Structure formats: structure tokens, C-alpha cells
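Structure first, commentary second.
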Amino acid sequence: MLFLFLSNSFAATPQELANAMSIPATDVVSQTLTADASATAVLTETGVIYPTDGNDFSYLYTGSVGVAPQSGTDLGSYGESGDRTTFTVQLLVPPTANSALFDFYFLSAEYPEFVGTEYNDKFEANVTGTAYSGNAATDSLGNMVDVNSAFFTVVNDIDLQGTGFDAGAGGGTGWLTMIVPVDPGDTVTFSFTIYDVADGIYDSAVLLDGFDWSTTDVDEPIIVDPIILDYISPKRSQTEGGIVTNIYGEDFNSTCLAYFDGIESPSTTYIDPTRIQAEVPPHDVGIVDVEVVCDSAQDKLQSSFTYYEDSDGAEPPSILSVEPYQHFDSGGETVVVSGIDFVSGAVLDVDGVEVETEFVDVNTLKFIAPAHALGFADVRVVNPDGLYDDLSGAMYYVPSPDEPEPEDEVEDTTDMSADSDVLEGDGAPKDTSVGSCSHFSSPKEGLGFILMILGVLAWRKK
């Protein structure tokens with residue numbers, strides 16, 4: 001089986017790998033590559049995995065790029081552990097840098113067959129410098145990066161589609177950020193290596209991207225999960241700021257700080273791993289980026305917050321929640337929109353289609369969910385003065401349940417007389433009333449028949 005890449009360069013050169021990682025060319029002293037000609041690439045994507053910085057990333061493989069990792073390709077000749085691919089770059093540390101950081105994503109077809117064994121492909125990030133020397137690619141317990149590492153958590157097909165490691169063929173770590181201590185002005189060497197252990201099949205890969213220098217001072221290498229920002233609400237403020245807004249995402253912690261167009265929030269409050277609250281600083285009229293930094297991990301919502309000035313003092317509405325979240329594609333369910341500063345006459349739309357809106361109060365609007373294609377839908381509320389707010393992905397549509405199929409009816413072959421009475425052997429009419437159990441062999445059999453009839457009647461009323 002082949003897995004394919006588009007707009008990519010195979011058999012990458014050391015310079016191409018460095019460029020794809022965003023390593024500053026002016027800081028490079030030397031760069032080398034030891035690998036089979038088919039084992040490296042510069043990719044713009046691999047399946048559902050995309051670069052963390054720029055338009056591409058470096059790809060180091062223990063097999064032939066483009067060939068599925070299971071059963072893989074035995075390259076054979078690079079390193080005593082087999083199928084070894086090593087990219088080495090020597091750098092001059094800028095005078096203001098105290099650490100270097102880069103992103104990596106380890107993928108391996110060794111999962112799940114060889115979990116718990118020592119015979120697993122490995123990724124190493126060996127560093128040589130005055131501030132630190134050694135393999136920086138280890139978890140908090142000192143385990144190397146392989147399928148046994150605490151970082152190896154991405155195993156669902158939906159997160160691996162098109163990578164070659166999906167459909168039960170493997171798993172990965174997800175994008176992680178490594179921070180390594182360096183001394184200003186030092187010459188430091190990074191050697192990124194991936195290799196097979198014990199055999200040349202069941203291949204593994206490492207994606208490298210987002211190299212940067214940082215003033216952050218660390219004592220030893222740190223690997224952190226990148227935070228993810230989803231949305232912000234409220235997303236508007238008058239120029240003097242001062243309101244508190246909610247920033248929603250993933251993997252927040254108590255060290256998080258929020259920035260509006262580079263201006264630090266006067267107060268950032270950690271609520272839980274999915275939400276922080278930030279006081280909005282003053283700013284001129286305009287649309288700005290919102291950035292959150294947590295333990296050197298950071299993410300940004302581009303053009304996500306609007307500063308405005310209104311002499312009439314009108315406040316734009318803010319959507320805080322839309323309930324319920326999940327709907328059938330046929331629609332029809334009552335939806336409650338909660339927020340602030342709703343005005344009588346406000347209008348709601350779902351993906352640009354206006355819906356009949358019920359104004360309950362300044363904090364509540366209602367509407368009936370319209371029919372919609374499967375997937376996410378955005379909700380917008382517009383006050384009569386034109387000020388509005390919207391919430392991306394506020395609703396999620398799923399297929400409507402299938403209508404129950406009727407059970408096969410049994411053909412009635414009873415020979416009924418003209419007056420609908422069934423005759424007994426002596427010519428007398430037989431009692432056919434449901435309330436009578438006299439013609440059953442026992443009261444229990446009669447009761448069973450009654451319950452059966454009631455069940456059929458109940459089904460017919462559906």
C-alpha cells in the first residue's frame with residue numbers, strides 16, 4: 001500500500017531540511033545528512049497533519065518515503081540499529097538566546113503490536129553544547145521517545161488519516177515542543193535521529209518544524225504539549241478595555257498569560273484546562289490578534305478581537321453559549337442562545353440563513369434549529385443597531401435516525417362467517433372477545449394473548 005504526498009520534495013538536502021524547520025540560515029555553521037536517499041522529504045502535509053510554522057516541515061523516515069510503514073521497507077545499511085536517518089546541524093547561538101526550541105511529531109507502526117517491549121523504533125535529539133549535552137528527547141521518567149513513551153497518545157484513525165499510520169497501522173505523539181538550554185554565543189550541535197530496532201520493518205517517522213531561539217532560561221530540556229486556542233467570547237470591547245473575556249481552548253495551566261496585539265492582559269485567570277479569563281487592556285480602534293502563552297507553549301487567534309468606539313454607548317451583543325450543541329440534520333429542535341447585551345428585535349442566523357428569533361430577555365434568545373447539512377454550523381446574533389457577535393461551530397448536525405421499519409404482517413387466513421362469528425363444533429357461535437379467556441387452556445395463556453394484542457395496538461399507534 002502506498003500513501004501519497006502532494007507538492008513535496010523527496011530525497012531532501014540538509015539545507016532543505018534546515019529551511020523547512022525554519023532554522024535561521026545566518027546561524028548555521030554546518031549541516032549534514034546521513035540517510036538512505038529515499039528516507040527524507042520536505043512535506044507540506046502528511047494526511048491530516050500540517051506544519052506548525054510556515055508552509056512545510058522536515059520528514060525523517062526509517063523506510064522509503066511514500067511506502068506505507070507496515071510492513072515497511074528494510075533499508076539495511078545505515079547504522080548498527082538499522083535503517084538509521086540522521087540530520088545534524090551546527091548553530092551559532094545568538095547573544096540574546098538562553099534556549100532553543102523546536103516542534104516534533106513522532107509516528108510509529110510499532111504500535112500496538114510491540115508496546116511494552118524493548119524492540120521499538122526510536123527518535124533521539126542529541127545536543128552538544130556548554131549549557132547541555134545529551135539526548136533531549138526523553139519524557140519525565142527518562143524514557144526515550146518510542147511507543148512506550150508517555151507522549152505516545154495519538155492512536156485514533158481520525159487523527160492519523162492519510163499519514164500511512166492510520167487504519168490500525170500505528171500511532172503517534174502529536175506535535176510536541178522541545179525546549180533546550182543554550183548559552184549565548186556558544187556553538188551548539190543538534191543531531192536528529194530516527195532508527196529501527198532489531199529489524200527493518202514496521203517503519204517510523206519524525207516530523208520536525210518550528211525551530212526558534214528564546215530568551216526563556218531553562219536548566220534542562222523540557223518537552224511541552226502545545227496549547228490550542230479555539231475561540232474567545234466576548235470578542236469586542238470599547239477602546240478603554242476593562243471587560244473580562246473568556247478564552248477557550250485546550251491544555252491551559254496556571255502559568256498562562258493572554259496578550260492582545262502584543263499587550264499583556266492586566267489580569268489572566270486560569271479557570272480549567274479548557275478556559276482562561278483575561279481582562280482586556282486599552283487599545284485603539286481596530287481588529288487585533290489574541291495570543292496565549294503557557295510554559296513557553298503558545299498559540300494565537302488571528303484577527304479575533306475587535307476594539308470599537310461608539311459615542312452612543314451601544315454595546316455589541318456577546319454569545320456565551322448555544323444549547324443544545326448537537327442536532328439532527330432535519331432540524332426542528334428549540335435552541336437557546338445565552339449571552340449579554342441582546343436587544344429586542346435582534347436577529348439570529350445559522351450559517352448566514354436568518355431564522356425566526358424569539359427575544360426572551362437581554363441574556364436569552366430562542367429559535368428553532370433549521371435543517372442543515374451534516375457538520376458544524378456558525379451562529380450569529382445581530383442587534384437592530386447592526387452590532388453583532390458570532391460563534392463559530394456553535395452547532396453540530398448529525399444524521400437523523402432512520403424511521404422504524406414496520407414488522408411483517410401475518411396474513412389472516414381465518415374463514416369468518418357473514419356475521420363475523422366463528423362457529424363451534426356444535427354450531428354455536430364462539431366467544432371471541434378479548435376480555436374472555438375461557439377458550440385458552442389456562443388463565444396464564446389467556447393473559448399472554450391479551451398482552452400480545454395490546455403490544456400490537458401500541459405499535460400500530462406509532
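Predicted model, so just to flag it, every value in this text is computed and none were measured. Just the heavy atoms: all of them, side chains too, but no hydrogens, waters or symmetry mates, feed the values below.
Under the 6.0 Å cut-off for aromatic ring centres, F190 and F87 do not qualify, their centroids lying 6.0 Å or more apart. Aromatic ring centres of Y111 and F152 lie closer together than 6.0 Å.
With hydrogens and angles ignored, the 3.5 Å screen pairs a side-chain donor or acceptor of T357 with a backbone N or O of V355. The backbone N or O of I287 lies less than 3.5 Å from no partner atom in the side chain of T306, so there is not a single donor-acceptor pair. The main-chain N or O of S204 is found under 3.5 Å from a side-chain atom of T62 such that the two form a donor-acceptor pair. With hydrogens and angles ignored, the 3.5 Å screen pairs a side-chain donor or acceptor of D146 with a backbone N or O of N148. Judged purely by atom type and a 3.5 angstrom limit, T128 has no side-chain atom pairing as donor or acceptor with the backbone of T189. Within the 3.5 Å criterion, the main-chain N or O of A137 finds a donor-acceptor partner in the side chain of N135. For N383 (side chain) and D341 (main-chain N/O), a donor-acceptor pair under 3.5 Å exists by modelled atom type. Without hydrogens or angle criteria, N120 side chain to F114 main chain gives a donor-acceptor distance under 3.5 Å. Under a 3.5 Å cut-off, the side chain of T13 and the backbone N or O of E16 do form a donor-acceptor pair. Under the 3.5 Å distance criterion, the side-chain polar atoms of D203 are matched with a main-chain donor or acceptor of T73.
Residues D389 and K235 have side chains in contact (heavy-atom distance under 4.5 Å, counting atoms from C-beta outward). Contact check for L107 versus L160: side-chain heavy atoms found under the 4.5 Å cut-off. Under the 4.5 Å side-chain criterion, counting only non-hydrogen atoms from C-beta, P384 is in contact with V343. Under the 4.5 Å side-chain criterion, counting only non-hydrogen atoms from C-beta, C294 is in contact with T255. No side-chain heavy atom of L348 sits under 4.5 Å from any side-chain heavy atom of F342. The shortest side-chain heavy-atom distance between F305 and S237 falls under the 4.5 Å cut-off. Residues Q31 and Q90 have side chains not in contact (no heavy-atom distance under 4.5 Å, counting atoms from C-beta outward).
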**Message:** Set out, in order, the CA-CA distance, both residues' side-chain angles and the distance that settles side-chain contact (heavy atoms from CB on, under 4.5 Å) for L257 and E264, then state yes or no.
**Reply:** CA-CA 7 Å; L257 296 174; E264 184 178 338; 3.9 Å; yes
**Criterion side-chain contact (heavy atoms from CB on, under 4.5 Å) on V336 and V322, from CA distance to verdict** = CA-CA 6 Å; V336 178; V322 176; over 6 Å; no
**Request:** Test M21 against N19 for side-chain contact (heavy atoms from CB on, under 4.5 Å), laying out the working first.
**Result:** CA-CA 5 Å; M21 284 187 66; N19 291 342; over 6 Å; no
**Request:** Mind running side-chain contact (heavy atoms from CB on, under 4.5 Å) on Y308 and R236 for me, showing each step along the way?
**Result:** CA-CA 7 Å; Y308 70 98; R236 291 169 177 79; 4.3 Å; yes
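Checking T88 against S191 by side-chain atom types alone, a donor-acceptor pair falls below 3.5 Å. Inspection of the D121 and S108 side chains reveals no N or O donor paired with an N or O acceptor under 3.5 Å. T46 and T163 are not linked by any side-chain donor-acceptor pair at a separation below 3.5 angstrom, with hydrogens and angles left out of the test. Judged purely by distance below 3.5 Å, without hydrogens or angles, the side chains of Y195 and E124 pair a donor atom with an acceptor atom. Between N143 and S149, the side chains place no donor N or O within less than 3.5 Å of an acceptor N or O (distance only, hydrogens not considered). Checked by atom type, the side-chain pair N55/T44 shows no donor-acceptor distance below 3.5 Å. A side-chain donor-acceptor contact under 3.5 Å links T364 and D361. Counting only N and O atoms by type, the side chains of S233 and N246 include no donor and acceptor under 3.5 Å apart.
In this structure, L301 CG and I228 CD1 are separated by 11.5 Å, a value rounded to the nearest 0.5 Å. Considering CD of Q302 and CG of L229, their distance stands at 10.5 Å, rounded to 0.5 Å. Atom CZ in R84 sits 10.0 Å away from atom OG1 in T34 (nearest 0.5 Å). Taking CG of D183 as the reference point, atom OG1 of T130 lies at 3.5 Å (rounded to 0.5 Å).
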Identify all side-chain donor-acceptor contacts of residues 374-381 below 3.5 Å with residues at least two apart in sequence or on another chain.
{"residue": "D378", "atom": "OD1", "partner": "G393", "partner atom": "N", "Å": "2.7"}
{"residue": "R380", "atom": "NE", "partner": "D390", "partner atom": "OD2", "Å": "3.4"}
{"residue": "R380", "atom": "NH2", "partner": "D390", "partner atom": "OD2", "Å": "2.9"}

Considering only distance and modelled atom types, tabulate donor-acceptor pairs under 3.5 Å from the side chains of residues 98-106, sequence neighbours left out.
{"residue": "N98", "atom": "ND2", "partner": "T215", "partner atom": "O", "Å": "2.8"}
{"residue": "S99", "atom": "OG", "partner": "T216", "partner atom": "O", "Å": "2.8"}
{"residue": "D103", "atom": "OD1", "partner": "T177", "partner atom": "OG1", "Å": "2.7"}
{"residue": "D103", "atom": "OD2", "partner": "T52", "partner atom": "OG1", "Å": "2.6"}

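Taking the six-membered ring where the residue is Trp, F57 and Y59 present tilted rings, their angle falling between 30° and 60°.
Summarising the geometry of Y61 relative to A205, their closest heavy-atom pair is CD1-CB, 3.6 Å, with the distance given to 0.1 Å. Residues P24 and W213 come closest through the heavy atom pair CG-NE1, 4.2 Å. Taking all atoms of both residues into account, the shortest heavy-atom contact from Y307 to T239 is CD2-CA, 4.0 Å. Shown here for V188 and G129, the closest heavy-atom pair between the two residues is CG2-CA, 4.3 Å. Nearest heavy atom pair, residue T268 against residue S265, reads OG1-CB, 3.7 Å. When all heavy atoms are compared, the tightest approach of A278 to A258 is CB-CB, 3.7 Å.
Shown here is E323, whose CD atom has more than 12 heavy atoms of other residues, nucleotides or ligands within 6.0 Å.
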